[in-house]
There are 2 protein chains.
Amino acid sequence: MDTDDTLLLDNQLCFALYGLSRKMTSLYRPLLKPLGLTYPQYLVMLVMWEEQVGTSESTLLGVSVQFLGDRLLLDTGTLTPLLKRLEKQGLLTRSRDSSDERRLCVRLTDAGLDLRERAQAVPVSMLCKSPVAPGDLLVLQAELMGLLKKFK
Amino acid sequence: MDTDDTLLLDNQLCFALYGLSRKMTSLYRPLLKPLGLTYPQYLVMLVMWEEQVGTSESTLLGVSVQFLGDRLLLDTGTLTPLLKRLEKQGLLTRSRDSSDERRLCVRLTDAGLDLRERAQAVPVSMLCKSPVAPGDLLVLQAELMGLLKKFK
DNA sequence: TGAAATTATATTGTGCACAATATAATTTTG
DNA sequence: CAAAATTATATTGTGCACAATATAATTTCA
């Protein structure tokens, strides 16, 4: 590629990532709106469901902001207000960890747990919107996840 | 994939896109800061440079908000304030198109044109940060651009 | 031609992202 | 043990994104 060409928008990997990421979020939006969730809120709920569904002990333990941040690559400046909104919606509770008062203990409420049932349809609906074969998406997903880990 | 597995964060293509896109932006940040640009501002400048470098006619004609929005997949709610910031920085001018007063005429200033020289180093520096071979990135870029067009 | 529809941009309001800083609890160390 | 360093979360401020709405210019067409 010519030096000049590197400044062309169409030659920029990062613009493709940026554009496609926003496009995907816009496809999620109508699916998540009935659940009362934004896409980042949905991601937080995914982590919470992973941690607290089935395991009654971790429901008691709760999840820290740091844990959520590590999983989602987000900092407290993003998570703190987001978690407050989910709390206000009644999907989770925020309380201090009694063994370390610095830590926050995020726990799903019953409503938060129940929401998982309705969320089951979301990935399926997303797949239906894809103009590409699911297999191709799986390949791409593996590539991107690998890249994300290498860059992280 | 099991139905339950579709709700796992690691199985979500869109989370990989979302995370990787933000990771890339964070790698751009220190490179763009000396230029006084954010990543979306940099993208606008890329389009402006494509349109107005070398072609003296289009410098006269200028570029509309709609054109920028079509290229970058952004709407006026994002672009209008962003363009005002670039104007305040002296990189471009915003004036009405005399043949159609609805249209805005965005033009690079001399400072905006000059900034392109310093921006030449940005794509090179980004490549240096990559833990992956440039060839692999090119392949991925082509895949993502193709997908972006199919989804659009 | 003039009212209705369309088009281009701007504005408002909400919710991320993230740097920088603040605060308070815990741990480390002198 | 107490001061210093570290850790976890919260707050502040700026700049996107984007839906919804507003405004004003242009076009369409009855």
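Proteins get letters first, then strands, A, B, ... in listed order; numbering begins at 1 in each. Computed from heavy atoms alone, side chains included, the values below leave out hydrogens, waters and symmetry copies.
Under the 4.5 Å side-chain criterion, counting only non-hydrogen atoms from C-beta, Pro30(A) is in contact with Lys129(A). Residues Leu73(B) and Leu148(B) are in side-chain contact: their nearest non-hydrogen atoms beyond the backbone lie under 4.5 Å apart. Two residues are said to be in side-chain contact when any heavy atoms from C-beta on lie closer than 4.5 Å; Tyr28(B) and Leu37(B) fail this criterion.
The separation between Tyr39(A) atom OH and dA19(D) atom P is 16 Å, rounded to whole Å. As rounded to whole Å, 13 Å separates atom P of dA19(D) from atom CG of Leu73(B). Between the CG atom of Leu74(B) and the P atom of dC16(C) there is a distance of 19 Å, rounded to whole Å. Rounding to whole angstrom units, CG of residue Leu104(B) and P of dT26(D) are separated by 14 Å. Rounded to whole angstrom, the span from the CZ atom of Phe67(B) across to the C1' atom of dT9(C) amounts to 17 Å. Following rounding to the nearest Å, Gln66(A) (CD) and dT26(C) (P) show an atom-to-atom distance of 15 Å. Note: NZ (Lys33(B)) to C1' (dC18(C)) measures 11 Å, nearest angstrom. Distance, Leu37(B) CG to dC16(D) C1': 14 Å, rounded to whole Å.
The pairing partner recorded for dT27(C) is dA4(D), the criterion being a Watson-Crick or G-U wobble arrangement whose two distances lie under 3.5 angstrom. With a cut-off of 3.5 Å on both pairing distances, the Watson-Crick or G-U wobble partner of dA22(C) is dT9(D).
Distance from the side chain of Pro40(B) is smallest to dA17(D) among dA17(D), dT26(D), dT9(C). Taking only side-chain atoms of Arg102(A), from C-beta outward, the nucleotide of dT9(C), dA25(C), dA10(D) with the closest atom is dA25(C). Nearest nucleotide to the side chain of Asp75(A), out of dA19(C), dC16(C), dT26(C): dA19(C). Of the candidates dA8(D), dC16(D), dA17(C), the closest approach to any side-chain atom of Arg103(A) belongs to dA8(D). Taking the side chain of Tyr18(A) as heavy atoms from C-beta on, and the options dT9(C), dA17(D), dC18(C), the nearest nucleotide is dA17(D).
Sequence order on DNA chain C of the closest nucleotides to Gly77(B) and Glu101(A) puts Gly77(B) first from the 5' end.
Closest approach of Val132(A) to Leu147(B), counting heavy atoms only: CG2-CD1, 3.0 Å. Residue Leu74(B) comes nearest to Arg22(A) through the heavy atom pair CD2-NH1, 3.2 Å, listed as atom of the first residue, atom of the second, then distance. Residue Leu86(A) comes nearest to Met45(A) through the heavy atom pair CD1-SD, 4.2 Å, listed as atom of the first residue, atom of the second, then distance. Nearest heavy atom pair, residue Leu127(B) against residue Pro134(B), reads CD2-CB, 4.3 Å.
Rounded to the nearest 0.5 angstrom, Arg94(B) CZ and Arg107(B) CZ are separated by 13.0 Å.
Residues from residues 21-29 of chain A with heavy atoms under 4.0 angstrom of DNA chain D, sorted by number: Arg22(A), Arg29(A). Of the residues in residues 78-100 of chain B, those placing a heavy atom less than 4.0 Å from an atom of DNA chain C are Thr80(B), Lys84(B), Arg94(B), Arg96(B), in numerical order.
Side chain of Asp114(B) to main chain of Glu117(B): no donor-acceptor pair is present (N/O by atom type, distance under 3.5 Å, no hydrogens or angles). At distances below 3.5 Å, at least one donor-acceptor pair connects side-chain atoms of Arg118(B) with backbone N or O atoms of Pro34(B).
Base contact: Thr76(A) has a heavy atom under 4.0 Å from a base atom.
Dashed line: the shortest gap from a side-chain N or O of Gln41(A) to OP1 or OP2 of dC16(C) is under 4.0 Å.
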